[in-house]
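For reference, the structure discussed in these notes is given below.
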There are 2 protein chains.
Amino acid sequence: MGYRPNATARQLRAGRARLIGYVVGEFAGEPWAYLDSPYFARLTGATSAAALRHGYALVMLPAGTLQREWADLPLEAVIVADPVQDDPLVEDLLAARIPVFSDASVAGRTGAHWVDIDTDAAVRESLDHLRAGGARRPALVLPDSTTRFHRETLAAYRAWCARHGTPERVTLVPTPGNGPVVRAVEQALTADPRPDGLFVVAEASPPLVMDAARRLGLAVPADVRVICVSEDESAAHADPPVSTLSLRPADVAEEGMSLLVSALEADGDTPQGVLLTARLRARKSSMHRN
Amino acid sequence: MGYRPNATARQLRAGRARLIGYVVGEFAGEPWAYLDSPYFARLTGATSAAALRHGYALVMLPAGTLQREWADLPLEAVIVADPVQDDPLVEDLLAARIPVFSDASVAGRTGAHWVDIDTDAAVRESLDHLRAGGARRPALVLPDSTTRFHRETLAAYRAWCARHGTPERVTLVPTPGNGPVVRAVEQALTADPRPDGLFVVAEASPPLVMDAARRLGLAVPADVRVICVSEDESAAHADPPVSTLSLRPADVAEEGMSLLVSALEADGDTPQGVLLTARLRARKSSMHRN
DNA sequence: CTGAAAGCGCTAACAA
DNA sequence: TTGTTAGCGCTTTCAG
């Protein structure tokens, strides 16, 4: 017959709603713009998938809001992807004794768990790769953001430059979006002396980065070797194919959810974390032999 | 003091959980791949935003699953974005008496509401625009999918060709992704006689479509005028800037959520729907004067 | 105006 | 085995 048990009543009885909140700390200005980023799109999808597989459903929350604005949702935990520095949301959540899952910036705090990328190793590998391709003066194009990954990327880049006795060439991108990033790339490539390597951390469509170099009359990789931090599949189809550093959103989601679920299930307040290694996909844009 | 009311108990008392499910009917093979599409990314974000604004939270559900797989979620309604033809999920939901919100393919069914794009008008406007730019033999690059929009696009294209006495030139793209679409574009552009207009409905990075034409030695728009159905912001920055037909995901989400909420609140079983007009953004890739 | 009680729909424990 | 009951935490109603 057509009987369907009442899910809410079961949840009340069980004492758990099997619901996990998901917020992105970045892009506070445009609360949902983060889905336009291939990285966050993948991360969000993979997180949903992993949650479902563990028997939890994911509730999408708008970036830049506080716990009190959706306090009437029975969330067992909240995932805060890429929080900004001293994110008030993280504090709010922790104060409300709601388990938080985020990146390494919450490491050590009670009720907080995390997964993150080994930024230092990733930046070092990328810059070493550019150097191996002949780039002696690699420039960095970085979003002007206080995300842990971006802060650490800048620090790692500076350390690398110091180690190699190379002056730093950093162009900050004020806002997300293809337009601003392309302008920053052009700016970086027209500096004097011109960089012979480019590490584009700000998210942009890789074909557009190639277009920018072409417009300036620069050959990639002969004149400038390029690596983009990107999950955008179009990198492989660009002309030339663009080397990418993948932050492995699918694996981050997978590993993170396993950790979160065991923490929830074990009722563990003991903070735990996992560190993953980024993956460099070398393509033609960075491979050059003199 | 630190008292926090139990959300589940309140929901049980209130008899409503203020939770709405969200599934995409397409991409059944890769349940979460839809977020890689700028269209669905926007649609998903905007739907979340609109839901929250109306006091509902959105729960992400994997494409290609059935109601029974997440039956223990207290969903007041489920949004099925772009269902495939005779989608079993829609039937499943309707049978379980869960209100469904989807596209025009569910129009008229009890407990179902919808919002959709006027496909016929959109296709006609696009092809007329290509023709006004001098394209006498426009070709169509279409995903091999049974979504209502894709079915109706094909029908509208055929009707337009018949009306103008032009033979049909249709290239079907077997699977989503930049690679397959770019190959289909190349195939379409190397047909004999070569088309002088291209309506790319399959989602691809617009700069890559320009790259494909360039590789074949074709000038855009002089040799071939191009319109892409795309929400990808990179279209505006491509070389040349690519004309796009926007399916207005943000407005679809907005209008749809208003309708859904009033249906839920009014307890209305009477089917209702809204039809929106797509927006053509003419850029250089389609503007040519002989 | 303050306080007690009923009941939302379920499940787990217990009684028959 | 099958049937009854208590109680999850809240809100609303009703009594004091």
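The chains referred to below are lettered A, B, ... by the order of the sequence lines, with proteins before strands, and numbering in each begins at 1.
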For residues 13-20 of chain A, please give each side-chain donor-acceptor pair under 3.5 Å, one per line with the distance, not counting sequence neighbours.
{"residue": "A:R16", "atom": "NH2", "partner": "A:Y56", "partner atom": "OH", "Å": "3.0"}
{"residue": "A:R16", "atom": "NH2", "partner": "A:E76", "partner atom": "OE1", "Å": "3.3"}
{"residue": "A:R18", "atom": "NH1", "partner": "A:G55", "partner atom": "O", "Å": "3.1"}

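- At a cut-off of 3.5 Å, with distance as the only test, a side-chain donor of B:S246 or B:E231 sits close to an acceptor on the other residue.
- Annotation for A:R151: atom CZ counts as buried by contact number, over 12 foreign heavy atoms lying within 6.0 Å.
- Using a 3.5 Å distance cut-off with no hydrogens or angles, the side chains of A:S48 and B:W32 do not pair a donor with an acceptor.
- Within residues 8-15 of chain B, the residues having any heavy atom under 4.0 Å from DNA chain D are, by residue number, B:A9, B:R10, B:R13.
- Residues A:D72 and B:R10 are not paired through a salt bridge, judged by the lack of any N-O separation under 4.0 Å between the basic side chain and the carboxylate.
- Between B:D82 and B:R148 no salt bridge is recorded (no basic side-chain N to carboxylate O distance below 4.0 Å).
- OP1 or OP2 of C:dC10 lies within a sub-4.0 Å distance of a side-chain N or O belonging to A:Y3.
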Secondary structure string for DNA chain D (Watson-Crick or G-U under 3.5 angstrom, | for other-strand pairs)
|.||||||||||||||
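- Contact check on A:E91 versus A:R109 returns a salt bridge, with a Lys/Arg side-chain nitrogen under 4.0 Å from an Asp/Glu carboxylate oxygen.
- A:M257 CE to A:I79 CD1: the interatomic distance, rounded to the nearest 0.5 Å, is 3.5 Å.
- A straight line from CG of B:D72 to P of C:dT11 spans 11 Å, rounded to a whole angstrom.
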